[in-house]
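Please read all numbers here as calculations on a predicted model, not as lab measurements.
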Amino acid sequence: MSLFAVTREAGPSWTAGGIFEQPNVNDHANFMNTLADEGVILFGGPLAGSEQARVRVLLIVDADSEAEIHRRLADDPWAPTEQLVTVSIASWKILVGADRLSPAPRAQH
């Protein structure tokens with residue numbers, strides 16, 4: 001298991017309003033839920049109540065590399081439109097509570 005902290009935020013095509021007012025929100029949600037079902041995204045959600053405005057999101061991702069993360073997130077329906085952009089990817093080492101995460105089987109893509 002290689003964990004990464006990924007930060008994404010509203011891009012230049014973000015429309016006025018919060019996350020739930022964005023075009024294709026259901027397609028984006030389905031995409032993210034699929035990544036979670038596959039064990040790629042372990043945790044994710046908006047930071048500091050930003051879901052009501054220009055969203056900022058933290059994802060904890062299980063991936064082999066940053067390149068894999070970029071490749072997988074490129075399939076997000078919001079990626080080509082730049083409604084949501086990835087601003088940082090950092091390798092993350094858990095020091096507290098690591099025993100609470102059990103490795104889940106992942107589908108290969």
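Rounding to the nearest 0.5 angstrom, the gap separating the CZ atom in R54 from the CG atom in L84 is 10.0 Å. The line from CG of D75 to OG1 of T34 is 11.0 Å long, rounded to the nearest 0.5 Å. Of the inter-residue distances, the one linking R8 atom CZ with L59 atom CG reads 6.5 Å to the nearest 0.5 angstrom. The line from CG of L35 to CG of L73 is 6.5 Å long, rounded to the nearest 0.5 Å. Here E9 contributes atom CD and L58 contributes atom CG; the two are 12.5 Å apart, rounded to the nearest 0.5 Å.
The heavy-atom pair separating A79 from A74 by the smallest distance is CB-O, 3.8 Å. The shortest non-hydrogen separation linking A63 to I69 is CB-CG1, 3.6 Å. S13 and T81 make their closest contact through OG-O, 2.6 Å (heavy atoms, listed as atom of the first residue, atom of the second, distance). Among all heavy-atom pairs drawn from F31 and P77, the shortest one is CB-CD, 3.7 Å.
Proximity of V61 to E68: side-chain heavy atoms (C-beta onward) are nowhere separated by under 4.5 Å. Looking only at side-chain heavy atoms (C-beta outward), H28 and D76 come within less than 4.5 Å of each other. Looking at T15 and E21, their side chains never come closer than 4.5 Å, going by heavy atoms from C-beta outward. At a threshold of 4.5 Å between non-hydrogen side-chain atoms, the residues V55 and Q22 do not count as touching.
Under the 3.5 Å distance criterion, the side-chain polar atoms of Q83 are matched with a main-chain donor or acceptor of P23. The main-chain N or O of L47 is never found under 3.5 Å from a side-chain atom of R56 such that the two would form a donor-acceptor pair. Between the E51 side chain and the G18 main chain, no donor and acceptor come within less than 3.5 Å of each other.
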Full working for side-chain contact (heavy atoms from CB on, under 4.5 Å) between R72 and I41: CA-CA 10 Å; R72 296 301 301 270; I41 294 179; over 6 Å; no
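Both V25 and V57 belong to a single network of hydrophobic side chains, linked directly or stepwise wherever heavy atoms of I, L, V, M, F, W or Y lie under 4.5 Å apart.
Ring geometry, W14 versus W78: the interplanar angle exceeds 60°, so the pair is classed perpendicular (tilted spans 30 to 60°).
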